Amino acid sequence: MSDSPVIRVRSVRMAYGDFVVMRDLTFDVERGDIFVIMGGSGCGKSTLLRHLVGLKEPAAGEVFYGDVSFTKAGEAERAELLRNVGVLFQSGALFSSLTLSENVGIGLEAYHPELTGKEVREVAALKLALVGLTGFEDYYPAEISGGMRKRAGLARALALDPEILCIDEPSAGLDPISSKLLDELILELRDSLGTTVVIVTHELESIFSIANNSVFLDAGTKTMTAIGPPKELRDRASDPAVREFLNRGRVPEGRDS
Amino acid sequence: MKRVTERGAPPRVERRGTEVVVHLEGPWSLGRGIPKAAAVTDALRADPEPTALVYDSSELGTWDASLLVYLRRLSAEAERSRVPEDRSGLPEGVRGMLDLAEAVPARTRVRRYADSDDVVTQIGLTTIEVTRDFRQVLRFAGDVVLSFGRLVRGRAAFRGADLWLAVQKAGVEAMPIVALVSFLLGVILAFVGAIQLERFGASIYVADLVGIAMVRDMAALMTGIVMAGRSGAAYAAEIGSMNVNEEIDALGTTGISPIDFVVLPRVLALVVMMPLLTIYADFVSILGGMFVGVTLLDQTLVAYSIQTTNAVDMNHLVLGLVKGTVYGGIVALSGCLRGLQSGRSSLAVGAAATSAVVTAIVLIIAAAGVFSVASYVLGI
């Protein structure tokens with residue numbers, strides 16, 4: 001069981017009404033993977049992430065969590081499966097009427113009624129410390145910067161020690177240092193807690209430094225055109241578009257700038 | 001009620017020579033609660049003073065945030081007792097997470113604003129706020145007038161399509177709710193009047209009562225209040241959301257006045273549509289009164305109509321229309337102003353919508369009072 005993939009995507013077709021975004025998506029995310037969903041803007045990366053966490057239903061095909069079909073699961077079963085999934089939305093999506101500490105604590109209170117209010121605050125403070133926001137526990141989202149909101153959103157996603165962490169565009173709105181710290185945090189989570197991380201991004205530096213597996217979505221053919229470790233795809237992908245995408249950031253040899 | 005579950009026993013604490021050893025054993029999960037640090041605190045403060053706090057995690061099972069929170073408590077205790085902490089006995093993952101949590105130093109709290117419970121201070125602050133608010137309303141009204149001037153000279157960044165959309169939303173789409181409210185108001189007035197007037201055998205004057213009251217005052221007032229709840233709130237929410245999305249800022253940096261582009265079409269639409277809606281409400285409410293007169297007070301349709309036409313003259317109608325127009329302006333201006341003033345969060349947009357409705361209704365009632373006094377003095 002523990003060796004089987006944590007997420008299995010089988011022949012998924014994503015569509016808005018009659019408009020097909022992607023078809024024939026089939027891939028596995030293994031336990032402990034840092035799995036990147038990449039592709040150009042508007043190709044459906046974020047939509048795929050929304051399919052993985054049940055915010056959108058596939059037009060065809062199925063998503064499995066372990067051996068359980070998430071697509072066919074009932075509401076209660078889904079809630080149980082999603083308890084182990086943390087999601088970080090692009091904007092952070094913090095609840096604006098709650099302080100950062102309350103934002104992080106809300107899931108803890110719901111799933112761990114045995115914790116006292118003080119303990120919830122302590123755990124929330126730990127999660128906020130992990131993302132470098134010690135001292136901001138009592139701030140409201142409107143009082144902090146966009147990058148900080150994003151990090152607070154990550155702290156909230158981490159609140160329940162999820163087995164799977166889904167992140168939409170982690171580096172959007174972050175400065176290079178914060179972005180690097182975030183990458184380190186993701187690696188640390190994987191190494192320390194064995195968290196599986198699914199990331200939507202087109203940030204090459206991030207892709208190469210942390211991802212060990214990836215899938216490439218192509219807007220033109222409306223399907224996935226490559227799957228595998230990013231470094232391998234960069235050098236050996238059969239689709240030239242994938243190689244070009246992954247080589248963009250490389251300075252050609254012999255040129256000094 | 002909190003669910004009571006069995007809590008994990010606190011870890012074993014042992015004094016070994018000069019060191020305090022904490023034995024971390026078994027599985028740790030939030031579900032089992034977070035043990036108290038009291039035993040460790042006692043050991044750290046014991047005599048003779050210990051030289052180090054060390055950990056033994058050889059028996060440690062799975063762990064989660066509960067262990068990290070517990071260790072953070074111990075670290076804080078060790079620091080307070082000035083006993084050095086040696087984390088080498090912790091698993092690498094735990095150390096990694098703790099290091100990460102300590103990587104960014106705590107921000108020393110800066111008080112963001114001076115809280116004061118002092119009544120005098122509060123009154124002062126409120127006064128300053130109200131004055132500022134009033135000045136903002138005046139400036140905003142002035143801006144809209146200037147913007148209208150630009151429109152007349154053909155220099156406003158104004159899209160005709162926006163105006164028509166606003167007209168449709170504030171006019172045509174408001175007709176059902178205005179009809180419902182006015183009809184029922186006509187019915188209610190007719191009933192109230194009938195009960196009193198029947199005593200004198202003068203129930204035919206119900207037509208006068210409904211006609212004059214609605215045309216002169218009530219139709220405009222009720223339509224204004226309905227529109228405050230409908231369009232005023234919508235304007236504030238729309239413009240507030242545009243503020244959240246930085247759309248208003250984008251307009252500004254493009255060199256387009258948000259007043260021209262966003263506010264003017266909405267204000268014009270309401271100012272133009274409100275008199276029309278008022279006439280419509282006049283008509284429907286008279287129908288409501290007529291319904292009561294004919295079905296319950298045994299009056300004929302013709303008699304009721306003639307009585308109404310005789311009672312309501314041009315002065316009443318024009319006064320009602322002027323009021324309607326002014327109320328329309330009030331609703332549109334409050335909605336747009338509150339929207340533009342809105343903060344940049346979902347909470348702030350809700351607050352802006354609420355504030356728009358409250359401002360509009362208060363100003364409408366105030367204006368209605370001014371109109372009443374003025375028309376009494378002028379003998380209209």
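Only this structure's heavy atoms are used, side chains among them; waters, hydrogens and symmetry mates stay out. Reminder, nothing fancy here: chain letters follow the sequence lines and each chain counts from 1. Please read these numbers as outputs of a predicted model, since none were measured by experiment.
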> Of the listed residues (Ser345(B), Ala101(B), Ser66(B), Gly343(B)), which shares the most heavy-atom pairs with chain A below a 4.5 Å separation?
Replying inline: Ala101(B)
>> What part of Leu133(A) gets within 4.5 angstrom of chain B, counting heavy atoms only: side chain, backbone, both, or neither?
In response: neither
> Of the listed residues (Pro141(A), Ala159(A), Ser192(A)), which shares the most heavy-atom pairs with chain B below a 4.5 Å separation?
Replying inline: Ser192(A)
> Got a sec: does the CD of Glu173(B) have more than 12 other heavy atoms crowding it under 6.0 Å?
Replying inline: yes
> So which part of Arg72(B) gets closer than 4.5 Å to some heavy atom of chain A, the side chain, the backbone, both or neither?
Replying inline: side chain
>> What's the separation between atom CG in Leu100(B) and atom CG in Leu126(A), rounded to the nearest 0.5 Å?
In response: 10.0 Å
>> Heavy-atom count check: over 12 atoms from other residues, nucleotides or ligands less than 6.0 Å from Lys56(A) NZ?
In response: yes
> Between NZ of Lys127(A) and CG of Leu68(B), what distance do you get to the nearest 0.5 Å?
Replying inline: 7.0 Å
> When you look at CZ of Arg73(B), are more than 12 heavy atoms from neighbouring residues, nucleotides or ligands closer to it than 6.0 Å?
Replying inline: yes
> Quick one: does Met97(B)'s side chain get under 4.5 Å of Leu193(A)'s, heavy atoms only?
Replying inline: yes
> Any chance CZ of Arg139(B) has more than 12 other-residue heavy atoms, nucleotides or ligands included, within less than 6.0 Å?
Replying inline: no
> What are the two closest non-hydrogen atoms of Leu115(A) and Gly33(B), and how far apart are they?
Replying inline: CD2-CA, 4.2 Å
>> If I take atom CZ from residue Arg32(B) and atom NE2 from residue His112(A), how far apart are they, to the nearest 0.5 angstrom?
In response: 13.0 Å
> Side chain, backbone, both or neither: which part of Asp161(A) has a heavy atom under 4.5 Å from chain B?
Replying inline: side chain
>> Tell me whether Glu14(B) at atom CD has more than 12 heavy atoms from other residues, nucleotides or ligands lying less than 6.0 Å away.
In response: yes
>> Rounded to the nearest 0.5 Å, what separates atom OG1 in Thr116(A) from atom CD1 in Ile34(B)?
In response: 7.5 Å
